[in-house]
Structures are given as C-alpha cells and as structure tokens.
Amino acid sequence: MKIETIAIHAGNHIDDSSKAVVQPIVMSTTFERAVDGSFPSGYTYSRSSNPNRTLLENVLAKLEGGADAASFSSGNAAGMAVFQSLTPGTHIIAPDDMYHGLRNQLKNLFKDILTFDFIDVNNSEVLQQHIKPETGLIWLETPSNPLLKITDIKKVVSIARQNNIKVACDNTFATPICQQPFSLGAELVMHSSTKYFGGHSDLMGGVLITRDKNEWWQKIRQVQEFGGAVPSPMDCYMLVRSIKTLPYRMCGHVHNAQLLAEYLESHPKVEQVMYPGLPSHPQHQIAKEQMTGFGGMLSFTLRDGQEEAKRVINGLKLFTRATSLGGVESLIEHRATVEGPDTKTPFNLLRVSVGLEHIDDLIADMTQALS
Ligand code: PLP
C-alpha cells in the first residue's frame with residue numbers, strides 16, 4: 001500500500017461491538033480476566049498496553065516501514081528510553097547541533113552513566129576518530145534543529161556497520177513522508193509526535209520505531225512498560241486521527257516552505273536561508289538523494305543582527321512567536337534565546353515552522369515585517 005492509504009487505514013479498526021467506523025477511545029486502565037485467569041482481549045493494564053495505543057503503534061510502524069513501534073508521552077521521553085536501554089558505560093556519538101532538549105538530557109541526566117561526544121557526524125574523518133571500542137550508538141538528526149543541516153545517513157551507516165555500532169535517527173523534521181531512514185540503513189527511528197504527526201499544536205507525544213524486533217528493542221519495550229511514560233488513550237486517539245492527513249499536510253508544508261525560502265533568499269535584508277530544498281544549501285545534493293521532500297522547517301539570519309531579528313519577529317502578524325513546530329499554523333522563534341547559554345545558534349537567526357496558510361499571505365506578512 002502507498003503511504004496515504006497506510007496513514008488512513010493502519011491505525012483504524014471497526015469496533016467489534018458497536019461497529020463504529022472510528023475506533024472508540026478506551027479509557028479503562030484495567031481489563032477483565034476470564035474465569036481461568038487469562039485475559040481474553042489480550043489487554044491487562046493500560047501502562048502495558050491499550051487498544052488505542054496498539055492502533056497508534058501499528059500505523060507508526062507501517063508508516064516508517066519498521067517492524068514495531070513504541071509510543072511515549074513526549075519526544076524527550078522516547079529519546080530517554082533509548083538512552084536508558086543502553087548498557088552503562090556505552091559511548092554515544094551525536095551531532096554537535098543535536099536537539100538541545102536531548103543534548104541536555106545526556107549532559108545532565110546521563111553524565112555518570114553514559115559517555116558521549118557531540119561532533120560533526122557528517123565529517124567521516126572526524127566520525128572515525130571518535131569511535132571507541134565502547135561506542136554503541138550513533139545518533140543522527142537530519143534535517144537538524146535549528147540549523148537544518150543534512151547528514152548523509154547511508155555514509156554514516158556504512159561506517160557504523162564496519163564498527164558494529166547501531167544508528168538511530170531523529171526523523172522529526174522530515175517525517176516518513178519526506179525521509180525513510182530504514183531504507184538508508186538505520187536501525188531505529190525516533191520522532192517527537194508533538195510536531196507533524198500531531199500537526200495541530202495540541203498534543204505531546206514521542207515514538208520509537210525499530211527495523212527489527214531484536215534484543216535491544218525488547219529492552220526499549222521494557223523501559224516503556226516499566227517506566228510508564230506512555231501517552232493517554234485520548235492522545236493516542238488524537239494522533240491516529242491526525243496521522244490520517246499527514247501525507248497531505250506534509251505536501252502543503254513542503255510547498256509553502258520552498259516558496260518562502262526562495263522569497264527570503266532574494267530579500268536584501270536576509271543574510272542566509274537554511275532550507276535543504278534550496279540549491280544554495282551546502283548539503284542540497286545529499287538532501288535530494290535521501291529525501292522525498294525537503295520538509296516544512298527553515299531558518300534564516302538577518303544582515304543587521306539580533307536587534308533586526310527581534311524587530312522582524314515582533315512585526316509579524318500571521319506567524320505566531322512560539323516554540324515548537326509542525327502545526328497547521330506558522331510559528332517563528334528566536335532560537336538562541338530558547339536554547340540557553342551553551343547555544344551554538346547564531347543570535348541573528350530566526351527559525352520558522354511554515355504552516356498551511358496560503359503562501360501569498362505568508363509572504364505578504366513577511367514582506368511587511370522586513371520592510
Ligand atoms: N527532537 C526534535 C528534533 C525536536 O524538535 C523536539 C522538540 O522540539 C524533540 C525531539 C523533543 O520532543 P518533545 O518536545 O515532544 O519532547
């Protein structure tokens with residue numbers, strides 16, 4: 001089946017008793033045993049599993065082309081489950097511009113348990129120099145947040161395989177509509193489903209998807225079940241509902257982002273636009289090879305520095321000043337302020353989550369704010 005069909009059908013199930021076309025929300029935390037003590041429905045307790053979560057995990061696994069998926073209460077909880085699943089002492093290699101929330105997790109919560117290096121993972125020489133006997137995981141994030149850097153997944157995977165290292169990819173910015181890391185050799189895919197999967201800025205969630213149901217995956221499933229950072233049945237229902245339109249929403253985000261990026265690049269007040277769909281993007285060629293769409297996120301820097309960035313952001317009327325991304329409405333933020341003192345993000349940079357408003361209205365708003 002094609003991805004549009006999977007998105008609509010793989011998370012749905014006609015209810016056996018009511019024949020409701022859309023799966024009802026099962027709020028019950030617990031499920032009745034039969035007289036012999038068994039659980040005829042297969043469900044025991046909602047921390048372990050729940051009918052809405054089963055359907056969500058089914059559609060997520062199929063969208064990425066994986067063997068199984070585990071959903072969490074946030075993207076950070078999903079990332080944390082990966083780190084918790086590793087043997088203490090494992091060394092992780094991660095991008096130098098890894099999403100700051102997960103970088104902070106490693107630096108603050110895992111500093112006595114795991115070791116890690118944040119490097120330019122796209123530079124094969126640097127990558128090879130940092131591999132140690134205890135390196136167990138290379139973490140990728142492509143496109144990256146907020147610099148929109150592209151990592152050549154195939155190239156990293158080939159180095160990782162030679163050294164028996166697993167590769168996990170944060171696919172939040174691309175979504176499976178624009179990039180399928182399993183087809184490029186990754187073992188694990190992570191998403192903040194708060195973003196494009198949810199798509200309406202009204203729910204938190206995270207997901208891990210595995211290519212194979214191996215021992216590592218069993219450990220991750222244990223972290224999910226024993227830790228219990230799971231999404232509620234309501235959140236699972238909302239996600240399944242939103243995912244049905246994900247392929248079409250992504251087409252709109254990609255279309256609008258490309259046109260806005262081109263407009264901004266031609267504007268005299270703009271210093272640089274970071275969008276993988278622009279031929280000027282340093283890794284445009286890699287993006288063309290490994291992505292089927294360039295995503296809905298872009299960043300740009302202003303020639304006149306931080307003050308000008310603030311002036312522009314405050315002058316916009318349609319773009320809301322807010323963190324997060326992937327919703328139908330356009331958002332903009334001064335990323336360095338959000339990331340805190342150890343940020344490597346330039347102070348004249350604004351990050352945009354390009355929404356699904358009409359592109360003419362978005363460009364008109366940007367024009368008046370830049371003028
Ligand atoms: N990964 C990326 C690339 C993100 O942008 C985010 C959130 O912004 C996360 C992970 C964390 O997700 P959440 O906020 O759902 O915990």
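Read the numbers this way: they start at 1 and go in the same order the structure lists the ligands and their atoms. Worth knowing before you read on, the calculation uses all heavy atoms, side chains too, and leaves out hydrogens, waters and symmetry mates.
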Side chain to side chain contact (heavy atoms under 4.5 Å, CB included) with V352: of I332, V273, L362, only one passes, and it is I332

Any N or O of N76 closer than 3.5 Å to N or O of ligand 1: yes

for atom 8 (O) of ligand 1, nearest protein heavy atom and its distance come out as K195 NZ, 2.9 Å

Distance col, row E308:CD vs R303:CZ, nearest 0.5 angstrom, shows 11.5 Å

Near G205 (heavy-atom distance under 4.0 Å), the atoms of ligand 1 are 15 (O)

among protein heavy atoms, the one nearest atom 5 (O) of ligand 1 is N145 ND2, 3.0 Å

In terms of its nearest heavy atom to atom 13 (P) of ligand 1, the top option of G75, S144, G326 is G75

If we number the atoms of ligand 1 from 1 as shown, the ones under 4.0 Å from a heavy atom of M190 are 10 (C)

min-distance protein heavy atom vs atom 9 (C) of ligand 1 -> Y99 CE2, 3.3 Å

Atoms of ligand 1 under 4.0 Å from any heavy atom of S74, numbered from 1 in the order shown, are 15 (O), 16 (O)

| request: Using only heavy-atom distances, determine whether the side chains of K195 and S324 contain a donor-acceptor pair under 3.5 Å. | output: yes

CG of L349 to NZ of K344, rounded to nearest 0.5 Å, is 15.0 Å

SB check R311 D304 (cutoff 4.0 Å):
no

The side-chain hydrogen bond (donor to acceptor under 3.5 Å, both in side chains) partners of Q84 (sequence neighbours excluded) come to none

Within 4.0 Å of some non-hydrogen atom of D170, the atoms of ligand 1 are 1 (N), 2 (C), 3 (C), 10 (C)

Can you give me every donor-acceptor pair (side chain of residues 243-253, partner residue at least two apart or in another chain, under 3.5 Å) with its distance?
| from | atom 1 | to | atom 2 | distance (Å) |
| --- | --- | --- | --- | --- |
| T245 | OG1 | S242 | O | 3.0 |
| T245 | OG1 | R249 | NE | 3.0 |
| R249 | NH1 | Y196 | O | 2.7 |
| R249 | NH2 | Y196 | O | 3.3 |
| R249 | NH2 | F197 | O | 3.4 |
| R249 | NH2 | S242 | O | 2.8 |
| H253 | ND1 | V354 | O | 2.7 |

Looking only at protein heavy atoms, what sits closest to atom 15 (O) of ligand 1 is T194 OG1, 2.6 Å

